[in-house]
Amino acid sequence: MQIVNTASDLHALVAGFTRDGRRIGFVPTMGNLHAGHHSLIALARERVDVVIASVFVNPTQFGPSEDFTRYPRTPEADTEGLAAHGCDVLFLPLVADIYPDGAERMVRVSVPELGDMLEGAIRPGHFDGVATVVAKLFNMTRPDVAVFGQKDYQQLLVIRRMSRDLGYPIDIVSAPIVRETNGLAMSSRNQYLSAEQRAQAGVIHATLQWMRERALASLRAGDAIAFREISALANARLENAGLAPDYALLRNADNLGEPMANQRNLVALVAARVGSTRLIDNLLIEP
Ligand code: AMP
């Protein structure tokens with residue numbers, strides 16, 4: 001695996017791949033890689049000739065009171081894991097390559113509506129930071145395919161919209177959520193949890209599965225008001241387990257809008273705090 005630190009080195013490498021007619025796959029990450037990230041590399045590997053991963057803890061997608069400075073950074077383990085899982089190039093950009101005049105003076109990419117609701121409403125500016133850095137990384141890596149985890153479902157839709165609207169000729173692929181044995185979706189933030197909290201957080205996946213069962217039952221029954229009731233009950237389930245939910249919702253899986261009474265393409269979404277750690281998870285519902 002080649003490790004690249006500068007935009008100019010990456011440019012030369014990418015130009016060579018393109019000249020040789022090799023298809024490029026790209027997996028952007030913030031590092032502290034786990035089996036979920038590695039599955040994205042494997043998925044890219046199946047579809048392209050060369051896989052580029054980036055590790056960049058992007059300051060602009062963290063709010064002022066969020067965990068940017070204490071976000072776990074494990075460069076040695078990340079490098080080993082990527083090499084072992086078939087990554088060809090690891091791009092470790094410098095902040096100055098991404099934000100030449102500093103983040104405040106950077107051109108910004110913003111995805112209206114989709115980027116403003118749910119996570120975007122609770123974390124203002126978060127998806128501007130994500131869309132901007134991913135647009136820049138797309139320009140630097142020039143991929144044919146880019147793989148994102150379904151784990152960050154709203155992010156996946158934001159990237160799809162950004163890519164379509166800005167005309168990137170990139171196939172955006174969604175990778176299934178990789179989970180711990182108790183159902184907890186793998187996340188770099190899970191390491192903030194104590195053993196007890198980790199066990200407690202299993203209720204998130206259980207609640208999503210319960211929401212799916214209830215939503216399918218109400219679709220079968222043609223019950224119009226049921227979706228909101230399901231959300232309210234799901235919230236209560238999370239609270240009863242000692243979590244502090246920000247939301248537990250059923251939404252249109254294509255645009256995250258409020259579902260119609262007979263909406264069939266649904267996604268159940270949960271964001272909840274366990275102690276001071278905020279976790280998100282989701283489950284697609286396909287009747
Ligand atoms: P992050 O490093 O957290 O920004 O995540 C980088 C990529 O890995 C994103 O596309 C995430 O959605 C994806 N990802 C994170 N956790 C998981 C997981 N448990 N399963 C699948 N993909 C994941």
Side-chain angles (χ1 to χ4, degrees), residues 25-47 51-63 66-68 70-75 77-79 81-82 85-87 90-93 98 115 118-120 123 126-138 141 143 145-163 170-193 198 201-202 204-205 208 256 267 269-271 277-284:
F26 178 48
V27 179
T29 81
M30 298 206 301
N32 191 241
L33 305 181
H34 49 64
H37 299 109
H38 296 150
S39 77
L40 273 51
I41 302 288
L43 200 59
R45 184 75 279 160
E46 288 170 13
R47 288 161 198 252
V51 177
I52 305 177
S54 62
V55 171
F56 180 64
V57 185
N58 175 35
T60 63
Q61 68 191 73
F62 289 79
E66 292 181 4
D67 55 346
F68 173 68
R70 72 174 188 128
Y71 195 83
R73 287 157 172 92
T74 51
D78 292 350
T79 307
L82 286 170
H85 287 85
C87 179
L90 168 56
F91 181 39
L92 297 166
I98 302 292
L118 301 173
E119 289 302 290
R123 308 176 67 191
H126 170 68
F127 286 119
D128 287 6
V130 170
T132 301
V133 80
V134 172
K136 173 112 188 199
L137 291 167
F138 279 1
T141 53
V145 172
V147 184
F148 291 84
Q150 187 203 310
K151 158 78 168 52
D152 300 280
Y153 190 74
Q154 189 175 0
Q155 167 173 283
L156 172 71
L157 295 189
V158 162
I159 298 300
R160 284 221 162 103
R161 180 82 56 89
M162 181 278 286
S163 187
I170 300 172
D171 182 11
I172 308 293
V173 172
S174 165
I177 303 173
V178 177
R179 300 178 178 284
E180 309 278 0
T181 42
N182 73 343
L184 174 62
M186 286 193 182
S187 164
S188 305
R189 292 189 168 104
N190 290 355
Q191 67 194 61
Y192 301 148
L193 303 171
R198 229 168 233 264
I204 295 176
H205 185 235
L208 288 166
L256 299 183
V267 59
L269 302 147
V270 165
T277 304
R278 190 169 181 278
L279 302 173
I280 59 170
D281 198 354
N282 67 85
L283 200 61
L284 283 167

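In listed order, ligands and their atoms are each counted from 1. What you see is a predicted model; the values in this text were computed from it and never measured.
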Problem - Sequence-distant partners of F62, ring-ring contact (aromatic ring centres under 6.0 Å, His included), two or more places apart - result: F68, Y71
Problem - Side-chain donor or acceptor of R198 paired with backbone N/O of N190 under 3.5 Å - result: yes
Distance-only donor-acceptor hits, side chain of residues 155-162, under 3.5 Å, sequence neighbours excluded:
{"residue": "R160", "atom": "NH2", "partner": "I172", "partner atom": "O", "Å": "3.0"}

Practice task
Indicate yes or no for a side-chain donor-acceptor contact from T29 to the backbone of S54 under 3.5 Å, with no hydrogens or angles considered.
Solution key: yes
Exercise for the section: Let me know which protein residues bring a heavy atom to under 4.0 Å of ligand 1; chain then number is fine for ordering. Expected result: P28, T29, M30, H34, G36, H37, L40, Y71, F148, G149, K151, D152, Q155, P176, I177, V178, M186
Exercise for the section: Applying ring-ring contact (aromatic ring centres under 6.0 Å, His included), name anything that partners H34, two or more places apart in sequence or on another chain. Expected result: H37
Handout entry: Under 3.5 Å: donor-acceptor pair, side chain of R179, backbone of L184
Key = no
